[in-house]
Amino acid sequence: FSLLPQYRGPAPIQWALINGEPKTVVSVFLLDEKIDTGKIILQKELNIYPEDTAVTLQERLKDLGFDAVRDVLDLIHRSGLVMPGSAQTGVGSVAPKLKKTAGQIDWTKPAVQIVNLIRGTQPWPGAYTYLELDDRNNVVRGFSRAKEEKENNNVARDFSDDEVGTISPANEKVVVAPSFFDEKAGPRNPVLPVCSVGQGFSLAKKRLIKILSARILPSPFAGEGQGEVLSHFEKGGLRGIRDVLPGTIVAIKPAVGIIVQCGNDPQTNRLTFLLITEVQEEGKKILPADVYSHGARLYPGMRFVNLNAD
């Protein structure tokens with residue numbers, strides 16, 4: 001299932017998707033002593049759809065493959081059983097078997113490359129990342145206002161505008177505005193998130209998350225520079241973040257998904273963004289991304305990371 005001599009090897013479908021190829025080919029060829037180097041008998045081209053994954057593309061190629069085999073048998077019959085074929089031309093490339101580590105997302109890459117990785121690594125190894133956790137081995141949690149005040153031995157009350165986004169000297173926590181969830185719709189529930197303080201956040205452990213579905217998203221900000229992202233965080237109520245790193249959650253949209261900052265587009269040198277729509281935490285069931293974010297208490301400013309990057 002490749003345009004030989006390109007993608008010789010056991011995983012041509014996966015690598016064609018990972019590399020963002022716009023089309024692929026069913027090749028019928030003769031066997032020789034080397035892998036996928038024999039004479040080409042017939043080739044049938046197939047366009048790759050933007051929504052194709054390795055699973056769906058393989059099914060479409062199977063159907064085309066049956067047609068190709070029938071055509072080859074007819075060709076052999078008409079040629080008097082003389083085996084046709086022509087030597088492969090062009091520069092060859094390889095499509096090696098995928099390793100588990102091939103699915104780990106590098107958030108410094110532009111969003112289009114991450115989407116292609118998600119498409120090409122299904123169903124195995126799957127595209128995955130790690131969610132940073134706090135020192136208590138939990139996702140940085142949200143606390144109700146009453147609970148937070150009770151833990152501080154104070155009377156339950158609303159936080160003032162001056163307190164939102166500030167550091168509490170008593171417990172070294174930063175208070176985040178409820179509107180951080182969605183600036184227009186307001187808080188999804190009466191929860192006031194509280195997170196550890198550090199560069200971004202002081203986090204020590206990580207949780208494996210598979211990204212099953214995502215798409216490229218135009219910038220959710222007025223521009224696509226780092227300044228617009230920082231301004232978004234400050235507008236949402238969190239102050240003091242000095243830098244926004246790739247993999248940072250910049251927004252969570254109810255009934256839509258999680259928006260994550262990725263690397264720059266190499267052509268425009270502008271930030272790119274990914275909308276994650278379906279995820280699966282290791283050992284748990286598949287969920288819509290926004291539903292998972294609610295249960296896991298995710299919010300903008302938290303970060304997905306590459307295990308080996310930090």
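Atom set for the values below is all heavy atoms of this structure, side chains included, hydrogens, waters and symmetry mates excluded.
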Just wondering, do [Y] and [X] contact through their side chains at under 4.5 Å, heavy atoms?
{"X": "L245", "Y": "T248", "value": "yes"}
{"X": "V112", "Y": "T272", "value": "no"}
{"X": "F29", "Y": "I41", "value": "no"}
{"X": "V305", "Y": "W107", "value": "no"}
{"X": "L57", "Y": "L46", "value": "yes"}
{"X": "M302", "Y": "I258", "value": "no"}

Measure the [atom1]-[atom2] distance between [X] and [Y] for me, rounded to the nearest 0.5 Å.
{"X": "T24", "Y": "Q58", "atom1": "OG1", "atom2": "CD", "result": "11.5 Å"}
{"X": "I118", "Y": "K210", "atom1": "CD1", "atom2": "NZ", "result": "12.5 Å"}
{"X": "Q104", "Y": "L208", "atom1": "CD", "atom2": "CG", "result": "8.5 Å"}
{"X": "T108", "Y": "N264", "atom1": "OG1", "atom2": "CG", "result": "10.0 Å"}
{"X": "N116", "Y": "W15", "atom1": "CG", "atom2": "CH2", "result": "12.0 Å"}
{"X": "Q261", "Y": "R303", "atom1": "CD", "atom2": "CZ", "result": "10.0 Å"}

Derivation and outcome, salt bridge (Lys or Arg N to Asp or Glu O under 4.0 Å), residues D74 and R70: CA-CA 6 Å; D74 182 61; R70 283 194 291 266; over 6 Å; no
If you compare all heavy atoms of [X] against all heavy atoms of [Y], which two are closest, and at what distance to 0.1 Å?
{"X": "P300", "Y": "A251", "result": "CG-CA, 3.9 Å"}
{"X": "A54", "Y": "Q122", "result": "CB-O, 3.0 Å"}
{"X": "L131", "Y": "F304", "result": "CD1-CE2, 3.8 Å"}
{"X": "G90", "Y": "P5", "result": "O-CG, 3.7 Å"}
{"X": "T121", "Y": "A127", "result": "OG1-N, 3.1 Å"}

Does atom [atom1] of [X] have more than 12 heavy-atom neighbours from other groups under 6.0 Å away?
{"X": "Q267", "atom1": "CD", "value": "no"}
{"X": "K109", "atom1": "NZ", "value": "no"}
{"X": "I286", "atom1": "CD1", "value": "yes"}
{"X": "R8", "atom1": "CZ", "value": "yes"}

Any donor-acceptor N/O pair, [X] side chain to [Y] backbone, under 3.5 Å:
{"X": "Q6", "Y": "V91", "answer": "no"}
{"X": "D36", "Y": "G9", "answer": "yes"}
{"X": "T277", "Y": "S213", "answer": "yes"}
{"X": "D290", "Y": "A255", "answer": "yes"}

Donor + acceptor pair across side chains of Q43, S27 (<3.5 Å):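 Side-chain D/A pair, Q43 to S27: present.
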Distance-only polar pair, side chains of N306 and D106, donor-acceptor under 3.5 Å: no
Identify whether [X] and [Y] are in the same connected component of the hydrophobic contact network (ILVMFWY, side-chain heavy atoms under 4.5 Å).
{"X": "V115", "Y": "Y49", "value": "no"}
{"X": "L64", "Y": "I13", "value": "yes"}
{"X": "L98", "Y": "I114", "value": "yes"}
{"X": "L31", "Y": "L4", "value": "yes"}
{"X": "Y7", "Y": "L117", "value": "yes"}

Criterion salt bridge (Lys or Arg N to Asp or Glu O under 4.0 Å) against K44, the qualifying member of D71, D67, D63: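 For K44, the salt bridge (Lys or Arg N to Asp or Glu O under 4.0 Å) test succeeds with only one of D71, D67, D63, which is D71.
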Worked verdict on Y292 versus E278 for side-chain contact (heavy atoms from CB on, under 4.5 Å): CA-CA 9 Å; Y292 174 77; E278 192 174 54; over 6 Å; no
Single hit among V250, I259, V260, I276 for side-chain contact (heavy atoms from CB on, under 4.5 Å) with L217: I259
All side-chain hydrogen bond (donor to acceptor under 3.5 Å, both in side chains) counterparts of D52, not counting sequence neighbours: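 Testing D52 for side-chain hydrogen bond (donor to acceptor under 3.5 Å, both in side chains), a comparison that skips the adjacent residues, returns T56, R60.
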